[in-house]
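Read the structure below first, then the notes.
These numbers come from the heavy atoms of this one structure, side chains and all, not from hydrogens, waters or symmetry mates. The chains referred to below are lettered A, B, ... by the order of the sequence lines, with proteins before strands, and numbering in each begins at 1.
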Amino acid sequence: MIQVTVNGKPVQIASSMTVEQLLDSVEVPPNYLAVEVNADVVPREEYTVTMVNDGDEIELVTLVGGG
Amino acid sequence: MSSSVTPTESTADDKPLVVGGHTLASRLIVGTGRYDTMQQMRDSLDASGSDCVTVAVRRERLYDRNGQNILDFIDLDRYTLLPNTAGCYTAKDAIRAAKLGREILRTLGNAGSDWVKLEVLGDSKTLLPDPVETVTACAELAAEGFKVLCYTSDCPITARRLKAAGAASVMPAGSPIGSGQGLLNPNNLRIIFEYLKEDDADYPIIVDAGVGTASDVSEAFELGADGVLLNTAIAHARDPVRMATAMKHATIAGRAAYLAGRIPRRLYGTASSPTEGVISTRPYGSNA
């Protein structure tokens, strides 16, 4: 098991995996998400080739109401 | 007191508001926050007549998703989304939020993927902007290709700095965010309009924040604002949909009044009816 941080919370995952594999465990339409790994935005086209490794900090964000 | 900015175009019709390459049908931009329900928000946006709405970037609530996503209640073919950096207190965080918002809008195919409403706060009580961080973030985002619409205070010097830093629009606050105090310093706003439009008459300036009711919107346009951005004044009105309708009319009325040109303020009255041929005697024996 490795540990990553997702939206500020520690999360255990089996091993290094792609962003796409990580998102498979998240119940939101991928259309509405943007992903950051270690403070860099990962473009949607790169979900399948960008790896998430031990200790990475991941942010999964969406749009909400705001002014 | 005449307006400090004279419209250059015919008053017979009006040009649309163009900001950062986006042509907007309405000069009113509305926020999507603080509504009781998504349905109420959707109906209020509709009633406002706006075709541009702001949204915020936030962490997805993972694994316990029972809420609705706002994007299911906003017609992306009808509205251009303007993602904001609300809640950020440093240039670094604001730039991150801007890039994340851009990525979401890009994947949605919405026209708003190249612009951002930059908001860098300095204080959580007043919600006043941090001018140093705002100017820093504005310059960096502009260099990255963003069209930056900058929320700022009503300080004319900061406004000038932001324009120089590459802001596509400077958006001075009428009063603190969500305060409903209206336009606290109309004179500062007039100076901002005058300074930023001096050699650049079409440079868009949008009054953002502080609106309490419809007359505040009209006043902003009468002073020379190109647009008004508001949220709480509609969302927290007793009847948001009705207030949204009022804001639409206030926008039309204020802009038309600006283009029509208000009369000067005079100390003494000037009669509307002819003074000749009137049957009257005057008190005080004065014809002055």
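By the 6.0 Å contact criterion, CD on A:Glu57 is open, its count of non-hydrogen atoms from other residues, nucleotides or ligands being 12 or less. Remark: B:Arg78 CZ is packed, more than 12 non-hydrogen atoms of other residues, nucleotides or ligands lying under 6.0 Å away.
Across B:Asn69 and A:Leu63, no two heavy atoms sit closer than the pair OD1-O, 4.1 Å. Nearest heavy-atom pair, A:Asn7 versus B:Glu60, reported as atom, atom and distance to 0.1 Å: ND2-O, 3.1 Å.
Judged by distance alone, with hydrogens and angles left aside, the side-chain atoms of B:Thr54 form a donor-acceptor pair with the main-chain N or O of A:Gly66 at under 3.5 Å. Of the possible polar contacts, none joining the B:Glu103 side chain to the A:Val41 backbone as a donor-acceptor pair under 3.5 Å is found.
Residue B:Leu105 touches chain A through its side chain alone, counting heavy-atom pairs closer than 4.5 Å. Only the side chain of B:Arg106 comes within contact range of chain A, with at least one heavy atom under 4.5 Å from a heavy atom of that chain.
Heavy-atom proximity under 4.5 angstrom to chain A picks out B:Leu81, B:Asn84 from residues 79-87 of chain B. Listed in order of number, the residues of residues 34-51 of chain B that approach chain A to under 4.5 Å between heavy atoms amount to none. For residues 226-241 of chain B, heavy-atom neighbours of chain A at less than 4.5 Å comprise B:Leu229, B:Asn231, sorted by residue number.
Partner of A:Tyr32 under the side chain to side chain contact (heavy atoms under 4.5 Å, CB included) criterion, out of B:Leu108, B:Ile70, B:Ile104, B:Thr107: B:Leu108 alone.
Sorted by first and then second residue, the salt bridge (Lys or Arg N to Asp or Glu O under 4.0 Å) pairs involving residues 80-99 of chain B (not counting sequence neighbours) are A:Glu36-B:Arg96, B:Lys99-B:Glu144.
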